[in-house]
Amino acid sequence: MTLIVHNTLARAKEPFEPLDPEHVRLYVCGPTVYDLAHIGNARPVVVFDVLYRLLKRLYPRVTYVRNITDVDDKINARAAETGEPIERITARTTEAFHADMAALGALPPDVEPRATGHIGEMVEMIEKLVADGHAYEADGHVLFHVPSMPDYGRLSRHSREELIAGARVDVAPYKRDPADFVLWKPSAEDLPGWPSPWGRGRPGWHIECSAMSRAYLGEAFDIHGGGADLIFPHHENELAQSVCAHGPPFVRYWMHNGYLVVKGDKMSKSLGNVLTVRELLADAPGEAVRLALLQAHYRAPLEFGRDTLAEAKAGLDRLYRALRDAGAHEPAEPAPAVLEALLDDLNTPAAIAAMHETATALNRAEDADERAALAGSLLGAGALLGLLQADPTAWLHGEGDDAAEIEALVAERVAARRSRDFARADAIRDTLAARGIALEDGPDGTAWRRAG
RNA sequence: GGCGCGGUGGGAGAGUGGCUAUCCAUCGGACUGCAAAUCCGCUUACACCGGUUCGAAUCCGGUCCGCGCCUCCA
């Protein structure tokens, strides 16, 4: 039972061997808090939440760090645009992020450091890079000197020459090398700034993750995750900073999730096709959104269409129906197929398929002990994936304040059927169907659920 | 231009050199007062062209198509 993980560094699956089997350490890049999270932001959160749950099962101790980026030019721009104070924007957005991710069933990380709380560590690290000749001050900025690191580009497989050739941006005049990137930059009076040896300023784009991962996980740790679009430049530069400041290896396994696309295009603000988690949660329960994200393998592109949520909901309904009919049970060991699928580089689609096979076996089984075992197995698999956490009947009944009224109609119909007044029974069923309520007559009574 | 990813049945989506997941939808059967749910079954896919092989959707080469990164971005 070994965990296999795709390592971006090798572009291949590798057996996971923790630096310290007694304590596995995981860092995932968190949000820049300037706007509501969209479904693309949610993908890494949910994917790495499954990894976190799996690691916790496999190892005695796991520390999961996910940062909050609360100093960034996008935040500054938003504040300038709307006039809302920066602290309010970041506080409000952080709160919304927490609420949205909790709705998706994501466990909170063990540590959630904020960039503004670690400026001192960043300055310290930059000083070390300058002292060691990996960075230099120029025109109020401090820049990382890319040629000072011979194997720069190992993660993204971009050579320095290629980067320069492909550069579509103007190279700032103060750069010694076109590939050099900013560690520290000066702040005008009206922008957030902190004192530093190079004057009042703020950190560059990548140094925060280097400083915070070191603060909580040490100079070398096991897994660093994030979206594929972070491979370059963010993670490449982060790796360069950390390795040059503390020496290799920094991170053993880099894991990146694929993009989420909407109708063939990558979701982005400029295309105006952004789906916020909040909007989606208005249309479907959090678990349905979560399942939609886990139904495709994390490295594959995931197309989020109009039907994606409804299909995820339908799949969950099937599992919840099986659980409802099985009665209450405690989570138990998941089916081996579920665990095997997850151990193979987080193959959640295969794990979910195995859950459906468990559900089929449960629906078919008649022996009470067997049914209890299968229901427990299904719940155990759900716990590992962060699914099936709701009460089955409550899930199937859905949201609405008309439950009592529905129950009354159902009871009335049961009475009508008992007296073989099928015309009355069918009329009640039609009434309920018109309200989106489907009935399921079983040997032990009539269940109802909100359909569609 | 450089680097990289992907093309699987009506839809979604795994996977393995030969035994052809799983879910949704459709259709048929069982069950049901009738339905719904459930179970059983049906539909038998792997972009294209070559090659390797007893055998490839799965390995190799090429072609076409779609997408991403190289710029803030999960």
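For the numbers below, each heavy atom of this structure counts, side chains included, while hydrogens, waters and symmetry mates do not. The shown structure was predicted, so the numbers you read here are calculated from the model rather than taken from an experiment.
Atom CD of A:E84 is surrounded by more than 12 heavy atoms from other residues, nucleotides or ligands within 6.0 Å.
Taking atom NE2 on A:H356 and atom P on B:G13, their separation rounds to 14 Å, with Å as the unit. For the pair A:D325 CG and B:U38 P, the computed distance is 9 Å after rounding to whole Å. Counting to the nearest Å, the C1' atom of B:C73 and the CG atom of A:N257 are 12 Å from each other. Counting to the nearest Å, the P atom of B:C24 and the CG atom of A:D317 are 10 Å from each other. In this structure, CG of A:L155 is placed 13 Å from C1' of B:C3, rounded to the nearest angstrom. The interatomic distance linking A:L302 (CG) with B:A14 (C1') rounds to 14 Å, in whole Å.
A salt bridge is defined here as a Lys NZ or Arg NE, NH1 or NH2 lying under 4.0 Å from an Asp or Glu carboxylate O, and A:E87 with A:R92 fails to meet this definition.
Of the P atoms belonging to B:G2 and B:U63, the separation is 14 Å, rounded to the nearest Å.
Listed for the A:E112 side chain is no donor-acceptor partner under 3.5 Å among the backbone atoms of A:I68.
Counting non-hydrogen atoms under 4.0 angstrom, A:R413 reaches a base of the nucleic acid. A:L230 comes within contact range of the sugar-phosphate backbone alone, with a heavy-atom separation under 4.0 Å but no base atom that close. A:N347 comes within 4.0 angstrom of sugar-phosphate atoms only, judged by non-hydrogen atoms across all strands, and of no base. Across all strands, A:H256 comes closer than 4.0 Å to no nucleic acid atom at all (heavy-atom distances). At a threshold of 4.0 angstrom between heavy atoms, the contacts of A:R364 are confined to the sugar-phosphate backbone, with no base atom among them. Nucleic acid contact for A:N363: sugar-phosphate only, since backbone atoms but no base atoms lie under 4.0 Å from a heavy atom of the residue. Using a 4.0 Å heavy-atom distance criterion, A:T360 is classed as a sugar-phosphate-only contact. Within the nucleic acid shown, A:R429 comes within 4.0 Å of at least one base atom, counting heavy atoms only.
OP1 or OP2 of B:C23 sits under 4.0 Å from a side-chain N or O of A:R318.
The base of B:G33 is paired with the side chain of A:R417 by a donor and an acceptor separated by under 3.5 Å.
Within the shown strands, B:C65 is the pairing partner of B:G6 under the Watson-Crick or G-U definition, both distances less than 3.5 Å. Shown here, B:C59 forms a base pair with B:G51; the pair counts as Watson-Crick or G-U wobble because both key distances fall under 3.5 Å. B:U71 makes up no base pair with any nucleotide shown, lacking Watson-Crick or G-U wobble contacts both under 3.5 Å.
Residues A:W254 and A:H235 bring their aromatic ring centres within 6.0 Å.
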side-chain contact (heavy atoms from CB on, under 4.5 Å) assessment of A:V277 paired with A:L281 = CA-CA 6 Å; A:V277 171; A:L281 287 173; 3.7 Å; yes

